[in-house]
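In the text below, chain A, chain B and the rest are named by the order of the sequence lines, each starting its count at 1.
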2 protein chains.
Amino acid sequence: MKPENRKEEIVITAAKLFKEKGYSAVTMRDIAKAMGIKAASLYNHISSKQEILKNIIISLAEQFTQGMSLIKNSNSNSLEKLKQIVILHVDITARNTFGMASLNNDWMHLEEQLEHYLKLRHNYEDDLRNIINQGINSSEITNSNPDIMLFSMLSTLRSLYLWVPKKEDLNPKEFANELSKVFINGIKK
Amino acid sequence: MKPENRKEEIVITAAKLFKEKGYSAVTMRDIAKAMGIKAASLYNHISSKQEILKNIIISLAEQFTQGMSLIKNSNSNSLEKLKQIVILHVDITARNTFGMASLNNDWMHLEEQLEHYLKLRHNYEDDLRNIINQGINSSEITNSNPDIMLFSMLSTLRSLYLWVPKKEDLNPKEFANELSKVFINGIKK
DNA sequence: ACTTCAAACTAACACTTGTTAGTTTGAATT
DNA sequence: AATTCAAACTAACAAGTGTTAGTTTGAAGT
């Protein structure tokens, strides 16, 4: 039986600091100070700094993988699937703004888990690309460069962690809905 | 008369490494090794690690500011201005993929120049927001949440450094043109 | 040949890093 | 009252950090 609570506190505190300064610039002493304890005490709950990063990133990456799996196997059409993907990103980001910063900016500091992470990310991108291509084939989506659409969507969705916290007035559902409209219809009147 | 060439080499080498691992994770010894010299030798050309970061980021930030100034004072309509902004980003990014990573991810490690940088960035965002609002007023742009359009565009443009190097087949002009189409018309057929 | 000087070097510094070992605390359980 | 144990502590480590001081190298200009 592990003290899962205290460990979770450490991971959350660390994620907050990682968002501000990045993994490498945050020291174990920084994390400890933010919790009001000494650095050595952290090791009663976690085994290494690396383990904190792994906990933040891998759990998020797997949430995305799982969400994508549901969406791609649903029988919605492509545009509906894309909307659901926007919702997936907004939801996960809204529940974990701090961790999303690490997922985006500190994944390269993963050690043992780097390969696993890269595999998940690659598969996720492939799934998204497939949905776009299916949309082009079914004439739901305009037949221009699918990589550019993929890039544009993914860049925006990956940056959500920077904007979601600033838009607390808009609830996640509304935010996702407005954002989908921009992707799908563009900004032109 | 300063050895501006060697200094520039250091800055470029550092930017490459900063892109891979981030400012904090790159040591002066890393930079030196990449140039085939010893860390202490770097100090014949630069005064500190911080100065390298400043050189990378501030020059880029000022290029954006200058470009924006030309665009906002032109007498194009709003959609044309937005196209020109896409071109601005693609051009600067294509000429400096490494530095753009630092601009996006390491600006918070600026010290003396942090305030200056934040001011430039804030003004840039305001200018872009104004162009969008003008487009809404002139009925060129759809009257939905302008912050979401701003966010979507800016996220994509800021992530260009990740994608431009992978798309060497597409020339910058074409890339910018395709990307503008996605922003303006969306992905729907 | 002599001087100059950019640009490299060696050696060292004070400080910070992640982490370990061993110890103390204090509340809950027996 | 005695025991247990999670969770804190102090003290220390080996390695790595940015940076400085002083020295050597070697090509270019006189």
Please confirm whether the ring centroid of A:His89 lies under 6.0 Å from the ring centroid of A:Phe183.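 Between A:Phe183 and A:His89, which both carry aromatic rings, the centre distance is not below 6.0 Å.
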Determine whether any donor atom in the side chain of B:Asn44 lies under 3.5 Å from an acceptor atom in the base of C:dA8, or the reverse, and answer yes or no.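 Under the 3.5 Å cut-off, the side chain and the base do form a donor-acceptor pair.
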Atom pairs, N/O to N/O, protein against nucleotides 23-29 of chain C, distance under 3.5 Å?
none

OP1 or OP2 of C:dC9 versus the side-chain N and O atoms of B:Ser41: is any pair under 4.0 Å?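 For C:dC9, OP1 or OP2 has a side-chain N or O of B:Ser41 closer than 4.0 Å.
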Using whole Å, what does the distance between atom C1' of nucleotide D:dG18 and atom NZ of B:Lys54 come to?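 Checked: the NZ to C1' distance equals 17 Å.
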Within this structure, what is the CE-to-P distance between B:Met28 and C:dA8, rounded to whole angstrom?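 About 13 Å, once rounded to whole Å.
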When you measure from the side chain of B:Ser69 to the backbone N and O of B:Thr65, does any donor-acceptor pair fall under 3.5 Å?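 Judged by distance alone, no pair lies under 3.5 Å.
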Round to the nearest Å and state the distance from A:Lys33 atom NZ to D:dA8 atom P.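 Interatomic distance, NZ of A:Lys33 to P of D:dA8: 17 Å.
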Nearest whole angstrom, please: distance from the P of D:dA6 to the CG of A:Leu42.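 Checked: the CG to P distance equals 17 Å.
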Taking B:Tyr43 as the starting point, is it possible to reach B:Tyr23 by hopping between hydrophobic residues whose side chains are less than 4.5 Å apart?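 Both belong to a single hydrophobic cluster.
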Looking at A:His45, I'd like to know whether one of its side-chain N or O atoms comes within less than 4.0 Å of OP1 or OP2 on D:dA7.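 The answer is yes; a side-chain N or O of A:His45 sits under 4.0 Å from OP1 or OP2.
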Nearest whole angstrom, please: distance from the P of C:dA6 to the CD1 of B:Ile46.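 Between P of C:dA6 and CD1 of B:Ile46: 17 Å.
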Are A:Phe98 and A:Leu60 joined in one hydrophobic group, where the rule is that I, L, V, M, F, W and Y side chains link up if heavy atoms are under 4.5 Å apart?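 A:Phe98 does not cluster with A:Leu60.
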Please determine if a side-chain N or O atom of B:Lys38 lies less than 4.0 Å away from the OP1 or OP2 oxygen of C:dC9.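 Result: no.
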Can you tell which of C:dG18, D:dA7, C:dA7 lies closest to the side chain of B:Arg6?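 Out of C:dG18, D:dA7, C:dA7, the nucleotide with an atom closest to B:Arg6's side chain is C:dA7.
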Between atom NZ in A:Lys49 and atom C1' in C:dT16, what is the gap in whole Å?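 Atom-to-atom, A:Lys49 to C:dT16, this comes out as 12 Å.
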A:Ile85 and side-chain contact (heavy atoms from CB on, under 4.5 Å): which partner among A:Leu154, A:Asp127, A:Leu128?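 Among the candidates, only A:Leu128 passes.
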Take atom NZ of A:Lys7 and atom P of D:dA6, then tell me their distance rounded to the nearest Å.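 For the pair A:Lys7 NZ and D:dA6 P, the rounded distance is 15 Å.
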Could you tell me how far apart B:Asn5 (CG) and C:dC5 (P) are, to the nearest whole angstrom?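 Answer to the nearest Å: 19 Å.
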Is any side-chain N or O of A:Arg29 closer than 4.0 Å to OP1 or OP2 of C:dT19?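 Negative; the distance criterion is not met.
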Report the residue (A:Ala40 or A:Thr27) whose heavy-atom-nearest nucleotide on DNA chain C is the more 5′ of the two.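 Checking each residue's closest nucleotide, the 5'-ward one belongs to A:Thr27.
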Shortest non-hydrogen contact from B:Leu110 to B:Lys54?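 Scanning both residues, the minimum pair turns out to be CD2-CA, 3.9 Å.
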Parallel, tilted or perpendicular: which describes the rings of B:Tyr124 and B:Phe64, with under 30° parallel and over 60° perpendicular?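 Perpendicular, since the angle between the ring planes exceeds 60°.
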Selected nucleotide, minimal atom distance to B:Ile37 side chain, candidates D:dA8, C:dC9, D:dG18: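 Nearest to the side-chain atoms of B:Ile37, counting from C-beta on, is C:dC9.
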